[in-house]
Peer 1: 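Quick one: structure below, then a few questions.
All values below come from the heavy atoms of this structure, side chains included, with hydrogens, waters and symmetry mates left out.
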Amino acid sequence: MVETENVVKIFRDPKRGDIRAVDGVTFRAHPGKIHGLLGVNGAGKTTLMRILSTVIRPTEGTAKVCGFDVVNQGPEVRNSIGFLSTTTALYGRLTGREMLEYFAGLYGFSGVELKQRVDAAIARTNAEAFADQLCDKLSTGQKQRISIGRATIHDPQVLFFDEPTAGLDILAAQTIIGFIEQMRDLGKTVLLSTHIMSEVERLCEEITIIHHGRIMGEGTIDQLKSQTGQETLEKAFLSIVAPEGVAL
Amino acid sequence: MKLGVQQVFLKELREMARDKRVLQGALVMPVFIIALFVLLMGVISSSITESRPVSLALVETDNQELREQLSAAKEFEITWVESMSQAEALVREKAVNVGLKLPPASAPGSMEPLTAELALRKDEPLSAIDAARVRAIIDANNKVAVGMMLESQGINKELAEPIRIKETDLSVKEGLGGSQIVDLLPYLIVLWAFYGGMSIVADLVAGEKERGTMETLLISPVRRAAVALGKILALMVVCFVSAMTTLIGVFSLGLLKLEITKNLFPSGLSISFANVVIALGMLIALVAFFSALMVAVSAYARNIREAQTYLGALSFLVLLPAVFSQVIGFTGAENAKWVAWTPILNTAVGLRGVIKGEPDLMLVTGSVVSSLVLAFLFLRIAMQLFRREEIVLRV
């Protein structure tokens, strides 16, 4: 379970003044479901993900992951989550296996249990053929598999995916999408941040539309369509975030 | 936290061991540079101490006997010229090192002093050395002449030199203390303790931010203070190894007993165990200070390039006291209290004493305490920077 209550994040910029990157966001994501955070670039999705993963602190409001407060129970939150995005990179001078061993160690595993976790992650992501190669030598798709193994080495209950397929080719993207579905089927709470409509339509049971840091709409795909009177999710989204149309 | 520190430390060491920049910057370069220095000093030392004739342009003299004597003397390589202006021209062109015009033979019984003309270039070391040798020869001849004159008057010729100097050399001659390289060694050790780590530190934190691995790390349960400490400890190893490589390089060259470096190690390479322990203690404190400082700078920087710019400027702050330690002996400030409490300078000066077998308690204490205080201070700053989200995530 992920729940936020009136979360605000203000970045203080000496030139531009205060920037409200997230402005009073309240939503819930439930186990066994994929919750989509839909918004254009700069809408505040990544900032919200970073707050939920304790990388940054909210300026106001509260957020809980698996019942743990993101401000006061950071280590417990981080033990409960897995995070994957195209910007969460690998260490180029470690092999895939060493990368997994490193993170398994950081999650507190050691000895036989650590080895079992790493072997299981390699098997789960079909990475046996390249697990002992340096990450710098891996293809984008192979790197993504190692990243998936890293994000799930501790069997987290909640998974955050921040634009996970951005910049990937169709095969690599399919690997990620398949993995997201797999996690949902295992009963995990999945939060997916994206601006790709086809992914949302395929994966998300619940959607929160964010624009300029604020929630502009929420519900299922059908609910959003009916609320806006549009035939497609794309049109529904555009009617919410750009009601006066998109300037050419 | 302990677990996180160990994991980060070991992972960083593993990555560094696979990084060519670390191997080249922290291991190969110190050995290369020290070998170059030692060989260069060996060449200079040999050229100064080995017998080399005085390169001399001598104006023709009417004293045929003196001419034959000088021509036969092996300590002179004489170019005969017609006039002093010709001799000066040759000195100016660096064709010879000194020009000399001897006075004409004096009339028997003459009491008038005679003047010899000497031309040299004080901006040329070999010219200055040869001029000093010519002066010494003329002084010796003067003494003989005065002695003969006194003797002819029935006076003890020893009075030609009313005060004699009995010189006793008390400098340490045992082991490394007798080596000419000992003054340079602490300077190189201090420099490589910094530059060895500088080759990788930009990548260590700023590089993680730039590549996106920092965020991956921060999402794990490891505490940020543990990340900072793990990285500082790993960098300490690199800085320490780099500094020790300098020392090992010198010892290796000494053990090779090359002809060219024989003057640099006249008394072997021995150093007492106690002094080794003291030197290591000083070095560990220094690398702790350097590592914490460099990690803090790298944490503050947005990216590798910015970190390298900051570190480049910072390296001058390290360079200045290290260079000053080389000339402090001429200032008379070596034993001043402020030296003992000036970071880096105290380590360089203190290490020289330790290597020479004369450790100064105040310098050693000052070096260890000031380095550890600064190490702790910059560790705190690095930890604070790792906690600040605008610092950790900005690229």
Side-chain angles (χ1 to χ4, degrees), chain A residues 9-14 46-47 49-59 68 73-95 98-99 101-110 114 134-136 143 146-147 150-151 153-154 156 159-160 162, chain B residues 1-23 199-200 203-231 234 238 302-304 385-395:
Chain A
K9 181 64 186 179
I10 299 171
F11 290 115
R12 306 200 188 286
D13 188 302
T46 297
T47 302
M49 289 279 199
R50 283 176 168 167
I51 290 171
L52 292 171
S53 55
T54 78
V55 174
I56 60 176
R57 288 170 168 244
T59 310
F68 299 118
Q73 294 170 293
E76 290 85 353
V77 170
R78 291 194 292 275
N79 256 320
S80 310
I81 63 168
F83 194 105
L84 188 70
S85 80
T86 43
T87 59
T88 46
L90 305 177
Y91 293 105
R93 287 185 292 274
L94 296 187
T95 66
E98 287 165 349
M99 177 85 191
E101 285 170 349
Y102 177 45
F103 276 88
L106 292 177
Y107 281 103
F109 301 111
S110 61
L114 184 144
L134 292 179
C135 291
D136 263 350
K143 284 179 183 170
I146 297 295
S147 288
R150 190 264 309 152
I153 194 93
H154 54 303
L159 283 138
F160 297 143
D162 185 17
Chain B
M1 177 160 156
K2 187 186 165 192
L3 185 71
V5 173
Q6 187 187 344
Q7 295 291 331
V8 174
F9 170 71
L10 292 174
K11 173 258 169 188
E12 294 299 348
L13 279 189
R14 178 178 270 167
E15 274 211 296
M16 285 177 189
R18 290 174 184 168
D19 191 334
K20 283 179 187 169
R21 286 169 301 176
V22 175
L23 298 176
S199 63
I200 187 67
D203 197 58
L204 203 61
V205 189
E208 282 226 38
K209 285 198 260 183
E210 197 173 307
R211 287 189 302 272
T213 47
M214 180 61 82
E215 196 165 347
T216 315
L217 187 59
L218 298 182
I219 293 160
S220 77
V222 66
R223 290 185 185 276
R224 295 181 188 193
V227 176
L229 190 55
K231 284 178 182 288
V238 174
R302 289 169 198 274
N303 48 46
I304 293 175
L385 289 172
F386 269 82
R387 287 194 189 104
R388 288 175 60 182
E389 58 195 45
E390 72 271 24
I391 295 287
V392 169
L393 291 179
R394 69 177 186 172
V395 286

Peer 1: Quick check: closest heavy atoms across Q7(B) and Y102(A), and the distance to 0.1 Å?
Peer 2: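 Reported closest heavy-atom pair: O-CE1, 3.5 Å.
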
Peer 1: Minimum heavy-atom separation for S220(B) and Y107(A), please, with both atom names.
Peer 2: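 Closest approach of S220(B) to Y107(A), heavy atoms only: CA-OH, 3.9 Å.
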
Peer 1: Are any of the side-chain heavy atoms of F103(A) and I219(B) separated by less than 4.5 Å?
Peer 2: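 No, side chains not in contact.
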
Peer 1: Nearest 0.5 Å, what's the CE-CD distance between M49(A) and E215(B)?
Peer 2: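 Rounded to the nearest 0.5 Å, the CE-CD separation comes to 11.0 Å.
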
Peer 1: By a 4.5 Å heavy-atom criterion (distance strictly below it), what part of L10(B) contacts chain A: side chain, backbone, both, or neither?
Peer 2: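 When you check distances to chain A, no heavy atom of L10(B) falls under 4.5 Å.
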
Peer 1: Can you spot which of R211(B), E208(B), E12(B) makes a side chain to side chain donor-acceptor pair (under 3.5 Å) with Y91(A)?
Peer 2: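 Among R211(B), E208(B), E12(B), the one that satisfies the side chain to side chain donor-acceptor pair (under 3.5 Å) with Y91(A) is E208(B).
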
Peer 1: Would you name the heavy atoms of P221(B) and P75(A) that are closest together and state the gap between them?
Peer 2: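 Shortest heavy-atom contact: CB-O, 4.3 Å.
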
Peer 1: Ignoring hydrogens, what is the shortest heavy-atom contact between L94(A) and E15(B)? Give both atom names and the distance.
Peer 2: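 Looking at all heavy atoms of both residues, the closest pair is CD2-CG, 3.8 Å.
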
Peer 1: To the nearest 0.5 Å, what is the distance between OG1 (T213(B)) and CE (M99(A))?
Peer 2: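 Interatomic distance, T213(B) OG1 to M99(A) CE, rounded to 0.5 Å: 7.5 Å.
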
Peer 1: Are R93(A) and D203(B) within salt-bridge range, i.e. N to O under 4.0 Å?
Peer 2: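 Looking at D203(B) together with R93(A), the answer is yes, because their closest N to O distance falls below 4.0 Å.
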
Peer 1: Please give me the minimum heavy-atom distance between L134(A) and R18(B), naming the atom from each residue.
Peer 2: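 So the minimum-distance heavy-atom pair works out to CD2-NH1, 3.8 Å.
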
Peer 1: Is R57(A) close to chain B through its backbone or its side chain, or both, or neither, when contacts mean heavy atoms under 4.5 Å?
Peer 2: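 Its backbone and side chain both get close to chain B.
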
Peer 1: Counting heavy-atom pairs closer than 4.5 Å to chain A, which one of R224(B), R388(B), M16(B) comes out on top?
Peer 2: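 Option with the top pair count is R224(B).
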
Peer 1: Among I81(A), V55(A), N79(A), T54(A), which residue has the highest count of heavy-atom pairs closer than 4.5 Å to chain B?
Peer 2: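 Looking at each of I81(A), V55(A), N79(A), T54(A) in turn, V55(A) comes out on top.
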
Peer 1: Are any of the side-chain heavy atoms of T216(B) and F83(A) separated by less than 4.5 Å?
Peer 2: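 In short, these two side chains do not touch, never coming nearer than 4.5 Å.
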
